[in-house]
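The next block holds one structure in the form of structure tokens; read it before the comments.
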Amino acid sequence: MIMSEYECNNEHSGVGKFLSTTRSVMIPMAEKLKVAFRGSDSVRVSIIHPNSPLRGQLTVGDEVEAIVLGDGTKMMNFDALTLCQVIIRTSDDTKRQLIIANDSPESMDLFC
């Protein structure tokens with residue numbers, strides 16, 4: 001399940017406004033997600049295995065802005081290692097979500 005949230009940002013240091021989008025991706029109960037993350041300042045999806053349960057929901061290059069746990073805890077500002085540790089530690093949480101950020105509408109992928 002993918003939900004989208006759109007907001008206009010007036011604080012962009014360019015001419016006019018730009019569309020900032022985020023979407024949440026439910027993290028399924030699976031022994032392995034078969035997704036790799038990379039980064040220390042901003043965490044991005046670096047590899048998606050063909051058999052990943054998240055294939056089609058995530059794209060290589062997606063920036064992970066936050067992870068939201070089933071109890072409502074929202075974690076932000078982490079590196080790839082910390083994100084992986086949280087995903088593993090909360091593997092029994094059926095309501096976990098990744099919040100994926102994208103500030104560049106030109107780079108959004110459309111699937112038909």
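Here the structure is a predicted model, which means the values were calculated and not measured.
- Residues Val60 and Val64 are members of one and the same hydrophobic cluster, defined by side-chain heavy-atom contacts under 4.5 angstrom among Ile, Leu, Val, Met, Phe, Trp and Tyr.
- Rounded to the nearest 0.5 Å, atoms CZ (Phe78) and OG (Ser42) are 10.5 Å apart.
- Atom CD1 of residue Ile48 and atom CD of residue Gln57 lie 10.0 Å apart, to the nearest 0.5 angstrom.
- Under 4.0 Å is where a charged nitrogen must lie from a carboxylate oxygen, and between Asp62 and Arg23 at least one such pair does.
- With rounding to the nearest 0.5 Å, the separation of CD1 in Ile67 from OG1 in Thr82 is 11.5 Å.
- The heavy-atom pair separating Glu65 from Ala101 by the smallest distance is OE1-CB, 3.3 Å.
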Kindly indicate, with the supporting measurements, whether the criterion side chain to side chain contact (heavy atoms under 4.5 Å, CB included) is fulfilled by Leu83 and Leu98.
CA-CA 10 Å; Leu83 175 61; Leu98 291 176; 4.1 Å; yes
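- Residues Leu81 and Ile87 fall into different hydrophobic clusters, defined by Ile, Leu, Val, Met, Phe, Trp and Tyr side chains chained together at heavy-atom separations under 4.5 Å.
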Could you tabulate the donor-acceptor pairs under 3.5 Å formed by side-chain atoms of residues 25-39, not counting sequence neighbours?
none

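- Residues Gln85 and Ile88 have side chains not in contact (no heavy-atom distance under 4.5 Å, counting atoms from C-beta outward).
- Between Ser91 and Arg96, the shortest heavy-atom distance links the atoms CA-NH1, 3.7 Å.
- Through direct or indirect side-chain contacts shorter than 4.5 Å among Ile, Leu, Val, Met, Phe, Trp and Tyr, Ile99 is connected to Val68.
- Considering OG1 of Thr22 and CD of Glu63, their distance stands at 11.5 Å, rounded to 0.5 Å.
- The shortest heavy-atom contact between Leu69 and Met75 is CD1-SD, 4.5 Å.
- The number of heavy atoms from other shown groups lying within 6.0 Å of CG (Asp71) is above 12.
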